[in-house]
Amino acid sequence: MNSEKRGPGFYVLTAFFILFVLFLYGPLSTIFILSFQGPNGGLTFPMNGVSLRWFESLLFEQQAVGDFGGAFSRSLVLGLMTMLTTVVVSLLAGLAFRRRFFGSGPLFYLTIASLIVPSILISLGIGLAFNVFGLEPAWYSSAFGAHLTWTLPFGLLIMFAVFNRFNPAYEEAARDLGASPWQTFAHVVLPIILPSLVGVGLFGFTLSYDEFARTLMTSGSFNTLPLEIYGMTTNVTTPVLYALGTVTTLFSMAVILIALATIAVLRKRRARRLAG
């Protein structure tokens, strides 16, 4: 048997990947481990026993600092608002950009320009604009708009890629069979692109749920969860902070797994329909 000889590039990339994984998951692992400190444990190693004390404190006790429940509910609602808006607008924009129209080029570049603008500047600009117009910044208005400047460009780029690969023969066949434009979209186009729409929704929710910089000056008087966690880092001196980090990380991972499972089911269903 002839085995392919691996060059030095393979080992360089392998070492880089290992360092990347350690850099990404090392801090998360540290927080996860320290969240199980014993009742007398502190914020650093070594561990002083193992217990669920800090999770119980987080879930069932009133904290002296921080509003975990309120911050989580605001982040959840804001994430869902951003997700739904990102999916709808990205879908409509993807359909619109399938044909060139006057100003389509400048409009596209203006849409994705927010990706290269520092997030803190967008947050500052939106907060100042609300103040100029005498409006009170709030997580459901100004922060919502700030998050859309972050999620919409990603959603648009995904939908543009999807429709660039979309085979128009399916639509032509539906029209030849007498389907109306709406029937063609609902029964042909939508089932094919639905897994991609779930991916857009996943991007919209997770980017919004974890966003800090664009929320910093636009959330108003009530914090979202990232802002609440940041505020806790200077006030909380117990591992309850790590317990909160562990819970929110597991929640984010659960959302991602549910979305991936949904995409897999939709793709299998689409494959069965095309085969039939």
Side-chain angles (χ1 to χ4, degrees), residues 13-80 82-83 118-120 123 139 143 146-147 150-151 202-261:
L13 292 176
T14 301
F16 177 81
F17 177 74
I18 293 174
L19 289 175
F20 169 76
V21 171
L22 291 176
F23 186 82
L24 178 62
Y25 292 102
L28 290 177
S29 300
T30 300
I31 291 175
F32 178 79
I33 294 171
L34 288 175
S35 65
F36 291 94
Q37 280 269 33
N40 298 320
L43 296 175
T44 60
F45 289 105
M47 296 279 288
N48 189 0
V50 177
S51 72
L52 298 176
R53 168 71 180 85
W54 305 111
F55 291 95
E56 296 173 357
S57 175
L58 174 67
L59 298 175
F60 303 112
E61 297 179 9
Q62 181 67 34
Q63 303 297 318
V65 178
D67 177 19
F68 308 140
F72 173 76
S73 62
R74 285 187 287 272
S75 286
L76 180 62
V77 173
L78 180 58
L80 293 174
T82 305
M83 177 188 71
S119 299
I120 193 65
S123 178
W139 62 270
H147 285 201
W150 182 231
T151 61
L202 174 62
F203 264 103
F205 179 82
T206 54
L207 290 176
S208 173
Y209 180 77
D210 297 328
E211 181 57 28
F212 174 80
R214 296 177 192 244
T215 318
L216 183 60
M217 300 182 183
T218 58
S219 63
S221 303
F222 297 97
N223 286 340
T224 58
L225 191 58
L227 296 181
E228 197 72 22
I229 293 176
Y230 176 75
M232 289 174 59
T233 58
T234 58
N235 297 308
V236 176
T237 58
T238 64
V240 70
L241 174 62
Y242 299 146
L244 177 60
T246 298
V247 170
T248 56
T249 301
L250 292 177
F251 174 78
S252 298
M253 290 182 176
V255 171
I256 294 173
L257 291 176
I258 291 172
L260 293 178

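When atom types are taken as modelled, the side chain of Ser29 and the backbone of Tyr25 share a donor-acceptor pair closer than 3.5 angstrom. Trp54 places no side-chain N or O within 3.5 Å of a backbone atom of Pro39 that could act as its donor or acceptor partner. For the pair Gln37 (side chain) and Thr44 (backbone), a donor-acceptor distance under 3.5 Å is present. The backbone N or O of Met217 sits less than 3.5 Å from a side-chain atom of Ser123, completing a donor-acceptor pair.
The two residues Thr246 and Ile31 make their nearest non-hydrogen contact at OG1-O, 3.8 Å. Across Ser219 and Leu216, no two heavy atoms sit closer than the pair OG-O, 4.4 Å. In plain terms, the two heavy atoms of Thr151 and Ser208 that are nearest each other are CG2-N, 4.4 Å. Summarising the geometry of Gly41 relative to Pro239, their closest heavy-atom pair is O-CD, 3.8 Å, with the distance given to 0.1 Å. Contact between Met232 and Leu241 at its shortest, heavy atoms only, is CE-CD1, 3.7 Å. Of all heavy-atom pairs spanning Gly38 and Ser51, the tightest one is CA-OG, 3.5 Å.
Ser119 and Arg214 share a side-chain donor-acceptor pair at under 3.5 Å.
At most 12 heavy atoms of other shown residues, nucleotides or ligands fall within 6.0 angstrom of atom CZ in Phe32. In Phe222, the CZ atom is not crowded: 12 or fewer heavy atoms of neighbouring residues, nucleotides or ligands sit closer than 6.0 Å.
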(message) Between Phe17 and Leu13, does the side-chain contact (heavy atoms from CB on, under 4.5 Å) criterion hold? Intermediate values first, please.
(response) CA-CA 6 Å; Phe17 177 74; Leu13 292 176; over 6 Å; no

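Summarising the geometry, atom CE belonging to Met83 is positioned 11.5 Å from atom CG belonging to Leu78; distances are rounded to the nearest 0.5 Å. To the nearest 0.5 Å, atoms CZ (Phe212) and CD1 (Ile120) are separated by 7.5 Å. Summarising the geometry, atom CG belonging to Leu225 is positioned 4.0 Å from atom CD1 belonging to Ile229; distances are rounded to the nearest 0.5 Å. Rounding to the nearest 0.5 angstrom, the gap separating the CH2 atom in Trp139 from the CG atom in Asn223 is 12.5 Å. Note: Trp150 CH2 to Asp210 CG = 11.5 Å, rounded to the nearest 0.5 Å. Taking CZ of Phe205 as the start and OG1 of Thr82 as the end, the distance is 9.5 Å to the nearest 0.5 Å.
Ring-plane geometry between Phe72 and Phe251 is classed as perpendicular, the angle between the planes exceeding 60 degrees on a 0 to 90 degree scale with a lower cut at 30.
Looking at heavy atoms from C-beta onward, Leu34 lies in side-chain contact with Phe45 at the 4.5 angstrom threshold. Residues Leu80 and Val77 are not in side-chain contact: their nearest non-hydrogen atoms beyond the backbone lie 4.5 Å or more apart. With a 4.5 Å cut-off on side-chain heavy atoms, Thr215 and His147 count as touching.
Between Tyr242 and Phe36, the distance separating the two ring centers is not shorter than 6.0 angstrom.
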